[in-house]
Amino acid sequence: MGLSLTLFVADWKHLGALPVGDRIRALDEEYGKGEALCDDGTRPPAHAAAWCAEYDFRSTTGAFGPHARAGDAWDDMRPLVDASVREAMDAFLTGLIWDEDPAADPALSGGGGFFPPPADRRHPSVLVVCPPEALPGKVRAWTGVESRLDELREAFAAECAGWAGRPDTFEDFIALLREWGEVTTEAARRGWGLVGLP
């Protein structure tokens, strides 16, 4: 069985006031399925905490696999993409679903120590860590590249179409990117960060 991904939009100030070892547990305790989605795609936690909300990816089943496959697809196709699109996509996807140097993934260090580091790489404590200060740049990158997503079609066809371990279709790939655009925009609007738990 693979990893799941529960992505939270969260207030770093609230989390930062908690001891490092309690931050993941605080998110876990607030997590509650079955709540109605808000217009921004987020789901308030069971107790309607004012400091976090779960983002519900509509194009996946809650598994981390589609996100990892999309990151791998980007890594494969990026050399074939126009430099201006490549730079914007790199800025947008880094630390979310792709890292040019996987060893530099902020989740490996618990977001520079904001969350506890994993005991080992096979059992991560967090899958995604994107602090609030990184989100305005991600939103700018997304805004610059969103209207140019169709330019990725040819590179996707050349490097990813039909390959096991890659998104099934270009449309699946783009749908997931749009959802990441939506959640980063919402988190930036709130001045919060993103954290993905397995």
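Note that the coordinates shown come from a computational prediction; the quantities given were computed from them, not determined experimentally. For the numbers below, each heavy atom of this structure counts, side chains included, while hydrogens, waters and symmetry mates do not.
Counting only heavy atoms from C-beta outward, the side chains of Pro117 and Ser109 never approach each other to under 4.5 Å. Looking only at side-chain heavy atoms (C-beta outward), Pro106 and Asp99 come within less than 4.5 Å of each other.
Aromatic ring centres of Trp192 and Phe8 lie farther apart than the 6.0 Å criterion allows. Between Trp74 and Phe173, the ring center distance fails the sub-6.0 Å criterion.
A salt bridge links Asp150 with Arg153: the distance from a Lys NZ or Arg NE/NH1/NH2 to an Asp or Glu carboxylate oxygen falls below 4.0 Å. The pair Arg178-Glu171 fails the salt-bridge criterion, with no side-chain N (NZ, NE, NH1 or NH2) lying under 4.0 Å from an Asp/Glu carboxylate O. Ion pair Asp168/Arg69 not flagged as a salt bridge, since none of the NZ, NE, NH1 or NH2 atoms sits closer than 4.0 Å to an Asp/Glu carboxylate oxygen. Ionic pairing of Arg58 and Glu182 is present here: one or more N-O contacts between side-chain nitrogen and carboxylate oxygen are shorter than 4.0 angstrom.
Cluster membership for Trp163 and Met77, using ILVMFWY side-chain heavy atoms within less than 4.5 angstrom, is not shared. Hydrophobic clustering (side-chain heavy atoms under 4.5 Å, transitive across Ile, Leu, Val, Met, Phe, Trp, Tyr) groups Val183 together with Leu149. No continuous path of ILVMFWY side-chain contacts below 4.5 Å connects Val195 to Val20, so the two sit in separate hydrophobic clusters. Follow the hydrophobic side-chain contacts under 4.5 Å out from Leu18 and you reach Ile24 in the same cluster. Under the 4.5 Å side-chain heavy-atom criterion for Ile, Leu, Val, Met, Phe, Trp and Tyr, Val85 and Ile97 are members of the same hydrophobic cluster.
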* To do: Determine, step by step, whether Phe114 and Trp12 satisfy the ring-ring contact (aromatic ring centres under 6.0 Å, His included) criterion, reporting the C-alpha distance in whole Å, the side-chain angles of both residues, the deciding distance to 0.1 Å, and the verdict.
  => CA-CA 9 Å; Phe114 192 78; Trp12 246 232; 4.9 Å; yes

* To do: Test Glu159 against Arg166 for salt bridge (charged side-chain N to carboxylate O under 4.0 Å, His left out), laying out the working first.
  => CA-CA 9 Å; Glu159 293 295 323; Arg166 297 299 177 262; over 6 Å; no

* **Arg25/Asp22 under salt bridge (charged side-chain N to carboxylate O under 4.0 Å, His left out): CA gap, chis, key distance, verdict** => CA-CA 5 Å; Arg25 184 173 47 252; Asp22 293 344; 2.3 Å; yes

* Asked: Which is it for Leu15 and Phe115 under the side-chain contact (heavy atoms from CB on, under 4.5 Å) test, yes or no, and what are the steps along the way?
  -> CA-CA 9 Å; Leu15 285 172; Phe115 293 98; 4.0 Å; yes

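Glu154 CD: 12 or fewer foreign heavy atoms inside a 6.0 Å radius.
Of all heavy-atom pairs spanning Gly21 and Pro116, the tightest one is CA-CG, 4.2 Å.
Ring pair Phe57/His67 is perpendicular by interplanar angle, where above 60° counts as perpendicular and below 30° as parallel.
To the nearest 0.5 Å, atom CG of residue Asp56 and atom CD of residue Glu179 are 8.0 Å apart. Rounding to the nearest 0.5 Å places CG of Leu3 at 11.5 Å from CG of Leu197.
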